[in-house]
Amino acid sequence: MSVGGGVVVIGIDETDGVASSLSPIELGGAMERVQQVLDANVTPALPVEIMPLRKSEGDAKGALVIAVPASWSAPHEYEGRFPARSGATTRYLNEREIEALYLRRWELRQQNEAQAGIEGHRLPPGVRLDLGGAAVGLMRLHVRPPGFLHSPQEPHLREPLHVAVEEAASTTQKFIHQDFHPKSFDLLRSWEPAGTLGWRAGTFLQGSSPLSVMVGGMYSYGAGFSFTVTIDLAAGLEPDATEDARCAHESHWAVETMVLLSIAGHFFAPLPEAGLLRVDLELGGLLDAVSWQASGGLVFNSGAPKVTENLYRSGDLFETLELAEDPRAATRQLLDPFMVPILSDGSDIVGWVETLGYR
């Protein structure tokens, strides 16, 4: 099913290829067993969503639903062959089909490399980002499919965008300590049309009166999300902090990055053609800022290392379901090269956000 996407249901009987009756299975450990079989036997790895289906809450038996997205990494090998769905049966890809899929995979990688970079990031029409010389860090996050892809619901996207935000809120609460309240959820709940270009939401910093954390989002038709985050680096300091003291507020960058990746992932997850997403991140304005964690909150005169670069960029391809359901690994990959040099030895910024919730 990885070639075109599809759903497998374990726990029903069928007659002539049509579901005819329920045949519940023991659900205890079933999800783990299916995942182990996939991890051990399918190459390259195939991300799927496995969900138990019960008649009543707490039932030990039920059905198992396995949602398989169309994979840009196809063909996937199993026991030396490349299976594909054909109606209600399984067939195996022939040499020509395998060659075509390998060519598609190569072309997507080439296309991805050509599109890499933050240049495609855009603010909504009429918005001017003016930091006004304030001590403000700026992150631009661009998330989109490797190719130009329109949602089938365009231009009527208010509901799908709203649903993506709500689903991300439910997903990421497992990975973000309760002491944190991501601003993305407050500021990206009300999406509005942005002319003929797409949809916009949130608040954009204009002038020289920054709030602590501000988030804006722009969805461009066919071209994905452009998220913008600003954080006041002089906020939350001790009253006797020196005038030039700057806090990196690294935990907040990690929190907002996880949330925004999950929002984009949930929006694109229903589209089989969007099995992969290209993510590019740019973080700037933090020169000479000191880690809150490494300095113990004493950003000034702490002796903790300072940020030594004023513009950091990172990007790669990520599985859409991974971003939707567990954006921690992607957040680490994108932010660790920047954060690790200013954190205490052995510290993991995503781990801090999840378990400790320091402010």
Side-chain angles (χ1 to χ4, degrees), residues 115 117-132 134 136-145 147-169 171-172 181-232 252-253 255-271 274 277-285 315 320 323-324 327 334:
Q115 289 191 346
I118 204 70
E119 287 73 20
H121 180 280
R122 68 183 305 161
L123 293 171
V127 170
R128 180 174 58 90
L129 193 64
D130 181 8
L131 303 182
V136 177
L138 169 66
M139 181 174 75
R140 299 193 299 166
L141 191 66
H142 195 197
V143 188
R144 73 279 190 197
F148 202 74
L149 176 64
H150 282 281
S151 166
Q153 293 179 270
E154 291 179 9
H156 304 285
L157 292 181
R158 190 189 307 274
E159 182 62 21
L161 288 166
H162 175 75
V163 168
V165 173
E166 297 303 319
E167 289 178 339
T171 295
T172 56
H181 182 77
K183 287 290 186 179
S184 296
F185 292 139
D186 294 332
L187 299 174
L188 299 183
R189 290 188 187 275
S190 300
W191 289 82
E192 299 293 338
T196 59
L197 300 176
W199 289 70
R200 64 157 294 174
T203 304
F204 293 85
L205 182 64
Q206 298 189 75
S208 56
S209 56
L211 300 176
S212 294
V213 181
M214 303 181 78
V215 183
M218 172 73 186
Y219 175 79
S220 301
Y221 292 134
F225 289 90
S226 296
F227 297 114
T228 305
V229 181
T230 61
I231 296 181
D232 181 3
H252 294 287
W253 296 115
V255 166
E256 302 301 338
T257 298
M258 278 197 285
V259 167
L260 296 175
L261 291 178
S262 184
I263 290 173
H266 278 292
F267 177 83
F268 283 110
L271 307 182
L277 293 177
R278 172 75 204 186
V279 179
D280 285 286
L281 177 147
E282 179 183 273
L283 184 59
T320 302
L323 296 184
L334 292 167

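Counting from 1, the numbers follow the sequence of the chain as shown. Remember, it's a predicted structure, so these values are computed and weren't measured experimentally. Only heavy atoms go into these numbers, but all of them, side chains included; no hydrogens, no water, no symmetry mates.
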For the side chain of [X] and the backbone of [Y], is there at least one donor-acceptor N/O pair under 3.5 Å apart?
X: His266; Y: Ala324; answer: yes
X: His121; Y: Phe227; answer: yes
X: Thr203; Y: Met214; answer: no

Supply the atom-to-atom distance [X] [atom1] to [Y] [atom2], rounded to the nearest 0.5 angstrom.
X: Thr228; Y: Leu123; atom1: OG1; atom2: CG; result: 4.5 Å
X: Thr171; Y: Leu261; atom1: OG1; atom2: CG; result: 12.5 Å
X: Arg128; Y: Phe204; atom1: CZ; atom2: CZ; result: 14.0 Å
X: Thr230; Y: Met139; atom1: OG1; atom2: CE; result: 10.0 Å
X: His142; Y: Glu119; atom1: NE2; atom2: CD; result: 10.0 Å
X: Glu256; Y: Leu141; atom1: CD; atom2: CG; result: 11.0 Å

For residues 190-201, tabulate all N or O donor-acceptor pairs below 3.5 Å that involve a side-chain atom, not counting sequence neighbours.
from, atom 1, to, atom 2, distance (Å)
Trp191, NE1, Leu188, O, 2.7
Trp199, NE1, Pro155, O, 3.1
Trp199, NE1, Tyr221, OH, 3.3

Non-hydrogen side-chain atoms of [X] and [Y] separated by less than 4.5 Å:
X: Val215; Y: Val259; value: no
X: Leu271; Y: Pro152; value: yes
X: Ile231; Y: Ser212; value: no

Margin query: Is there a salt bridge (charged side-chain N to carboxylate O under 4.0 Å, His left out) between Asp280 and Arg144? Walk through the geometry before answering.
Written below: CA-CA 9 Å; Asp280 285 286; Arg144 73 279 190 197; 2.8 Å; yes
Give the minimum heavy-atom separation between [X] and [Y], together with the two atoms involved.
X: Phe268; Y: Val143; answer: CE1-O, 4.4 Å
X: Met218; Y: Pro124; answer: SD-CA, 3.8 Å
X: Leu277; Y: Leu323; answer: CD1-CD1, 3.9 Å

Next item on the list: Would you check, one step at a time, whether the test side chain to side chain contact (heavy atoms under 4.5 Å, CB included) holds for His162 with Glu166?
Entry: CA-CA 6 Å; His162 175 75; Glu166 297 303 319; 3.5 Å; yes
Notebook entry, point to check: What pairs with Phe267 under ring pair (Phe, Tyr, Trp, His ring centres under 6.0 Å), at least two apart in sequence or on another chain?
Noted result: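 Listed in chain order: Tyr219, Phe225.
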Item checked: Those residues that, when tested against His150, pass ring pair (Phe, Tyr, Trp, His ring centres under 6.0 Å) (two or more places apart) ->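 Here the qualifying residues are Phe148.
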Notebook entry, point to check: Without hydrogens or angle criteria, can the side chains of Asp186 and His181 be said to hold a donor-acceptor pair below 3.5 Å?
Noted result: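 Yes, because at least one side-chain N or O of Asp186 sits under 3.5 Å from a partner of the opposite role on His181.
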